[in-house]
There are 2 protein chains.
Amino acid sequence: MHKMNSKNKTFIDKLRSSGLRPTNQRVEISKFLFNRKKTFHFTVEELKNSMNLKRSKKISTATFYNTVHALKSAGHLKEFSLENNTSYYDTNIKSHHHFFDNGKVIDIRSDKITFQKLPDAPKGKKIKNVEVVIRLENNN
Amino acid sequence: MHKMNSKNKTFIDKLRSSGLRPTNQRVEISKFLFNRKKTFHFTVEELKNSMNLKRSKKISTATFYNTVHALKSAGHLKEFSLENNTSYYDTNIKSHHHFFDNGKVIDIRSDKITFQKLPDAPKGKKIKNVEVVIRLENNN
DNA sequence: TAACTACTTTATAATTATTCTAAAGTATGT
DNA sequence: ACATACTTTAGAATAATTATAAAGTAGTTA
Ligand SMILES: [Mn+2]
Ligand SMILES: [Mn+2]
Ligand SMILES: [Zn+2]
Ligand SMILES: [Zn+2]
C-alpha cells in the first residue's frame, strides 16, 4: 500500500544519491523537512513531536535520531547550538548568519553581513568559515 | 584552620558584592577561575575534575554546578555553546568573538573585528550584541 | 560567646537528551 | 522468490544536568 506521488520521487532521489535507502520513514521525514520554502530550525525532539502528532503509525525516537544524523552526514542538514544543552539542526546548509531572539532563530543570508576587519588565522591554520550571531532584545 | 592570604581577600569581596556568601568552596573555585591572566573556557565537568584532582577534600558535583550558576547569574561568567550538548563557560564576560579550532576555543577581542554591512534588527527588536565565530581548520 | 536563622553543601535520586543493543522488518540485487 | 545487508524499533544504557532533603556553616544578635 505505497502512496507514490511525484513529490516523493524528489526525496527518493535525494536519499538514493546520498547512499541512503529511501525507506518510508526517511521519505516522510525528508518531505517534512525539505518540502517548505523557508529554512527550518529544529531539535530532534521537536521534529518527532510535530510529525508524530499527526500520524497513527508513529516513527520511533531512534529513527528520528538516526535519520537526522544520516541527513547531516550526507550534507543535507547542518547542526548548530543555542545555549541550552540540545542540538539544533538547520535545513539551510549554506554558510549563513542568524538572529537569536529568545530561542527563536532567523536566518541572515551570508551577503547581508560583510567585514571591514577580520583577524588572520593562527599560523598553521586557515579559516573554514565565519558565522555571526546577532542577539536581539525587545525595543525599550 | 583557615588559610587567609591577601589573594583570597579579593575573591571574598567579589563574592560578597555579588550577594554570595564567601564559603570555602566558592572562594577556591573563584580563585581557580579568575586568578589567571588569560581567559578560561571550560565545562563544569572539566572544572570539577581539574580542581578535585589536587584536593584531598573533594568539592561535590552539585556545588560546582551551583557555584558556576551563581557566578553566571552574578555576571562573572558567560555561558556559550559548541556543537555538542554540553554547556561551556567563559571567564571573559565582555562581548567578544572566538576562534573554534576542533574543540579548542580562543578569544578574539571585540575590536579585532569590524563590520562593513550589518542587517537592521526586525521591527520591535533591537540588537543586544553581535558575536562572531571563526571556525578553523588545518592548513593544506 | 551562645543561640538563631538563613543560606550552603552534599550524597543521592531524578530528569533530559542522546546513544546503544539486539531482535524483527524491509529494500535491493540475483 | 532468496539471500543479504541495511533499517527500524523498543527498551536499556549513558552523559549532562537538576532536584531533594538532610547535615553543616556563615552572618546576626543577645
Ligand atoms: Mn546530552
Ligand atoms: Mn542536558
Ligand atoms: Zn539557519
Ligand atoms: Zn571567550
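Within every chain, numbering begins at 1; the chains are lettered A, B, ... in the order of the sequence lines, protein sequences first and strands thereafter. Computed from a predicted model, the values in this text were never measured in an experiment.
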Between B/P22 and A/T23, name the one whose nearest nucleotide on DNA chain D is closer to the 5' end. A/T23
Between CZ of A/F64 and P of C/dT18 the distance, given in whole Å, is 14 Å
B/K48 NZ to C/dA11 P, in whole Å, measures 10 Å
Is the distance from OP1 or OP2 of C/dT10 to the nearest side-chain N or O of B/T63 less than 4.0 Å? yes
Passes side-chain contact (heavy atoms from CB on, under 4.5 Å), A/R55 versus A/E28? Steps please. CA-CA 11 Å; A/R55 322 183 100 241; A/E28 295 282 326; 3.3 Å; yes
Any side-chain N or O of B/Q25 under 4.0 Å from OP1/OP2 of C/dT10? yes
What parts of residues 51-58 of chain B reach DNA chain C, counting only heavy atoms under 4.0 Å away? B/K57, B/K58
Residue closer to the 5' end of DNA chain D, B/Y65 versus B/R21 (nearest nucleotide): B/Y65
Remember a base hit wins even if backbone is also touched, and classify A/S87 as base, sugar-phosphate or nothing at under 4.0 Å, heavy atoms. sugar-phosphate
Measure the distance from CG on A/N24 to C1' on C/dT28 and round it to the nearest whole Å. 15 Å
In whole angstroms, how far is the C1' atom of D/dG27 from the CZ atom of B/R26? 13 Å
Quick check on the helix from C/dT1-D/dA30 to C/dT30-D/dA1: what's the angle between its two end axes, five base pairs per end, to the nearest 10°? 30°
State whether A/F34 and A/R36 meet the cation-pi test: NZ (Lys) or CZ (Arg) under 6.0 Å from the six-membered ring centroid, and within 45° of the perpendicular axis. no
With a 4.0 Å limit, can you tell me whether A/T86 has a side-chain N or O closer than that to the phosphate oxygens OP1/OP2 of C/dT16? no
Do the side chain of B/S95 and the main chain of B/N129 share a donor and acceptor less than 3.5 angstrom apart? no
Rounded distance in Å - CD (B/E28) to C1' (C/dT9): 14 Å
Please lay out, stage by stage, how B/S110 and B/K94 fare under the test side-chain hydrogen bond (donor to acceptor under 3.5 Å, both in side chains). CA-CA 8 Å; B/S110 209; B/K94 295 187 300 245; over 6 Å; no
Taken to the nearest whole Å, CD1/A/I59 to P/D/dT7 is 15 Å
Can you tell me if B/R16 touches the phosphate of D/dG27, counting only side-chain N or O atoms and a distance under 4.0 Å to OP1 or OP2? yes
Does this structure show an ion pair linking A/E131 with A/K78, if we count only N-O contacts that are shorter than 4.0 Å? yes
Nearest whole angstrom, please: distance from the C1' of C/dT15 to the CG of B/N85. 14 Å
Donor-acceptor contact below 3.5 Å, side chain B/N52 vs main chain B/I59: yes
Ring geometry between A/H41 and A/H96 (parallel below 30°, tilted from 30 to 60°, perpendicular above 60°): tilted
Side-chain contact, heavy-atom cut-off 4.5 Å: A/I106 with A/H98? no
In the single-linkage hydrophobic clustering (I, L, V, M, F, W, Y; side-chain heavy atoms under 4.5 Å), do A/L20 and A/F32 co-cluster? yes
Taking only the side-chain nitrogens and oxygens of A/H69, find out if one of them lies under 4.0 Å from OP1 or OP2 of C/dT19. yes
Aromatic ring centroids of B/F115 and A/F115 under 6.0 Å? yes
Take the protein atom CG of A/N66 and the nucleotide atom C1' of C/dG25, then report the distance between them rounded to whole Å. 15 Å
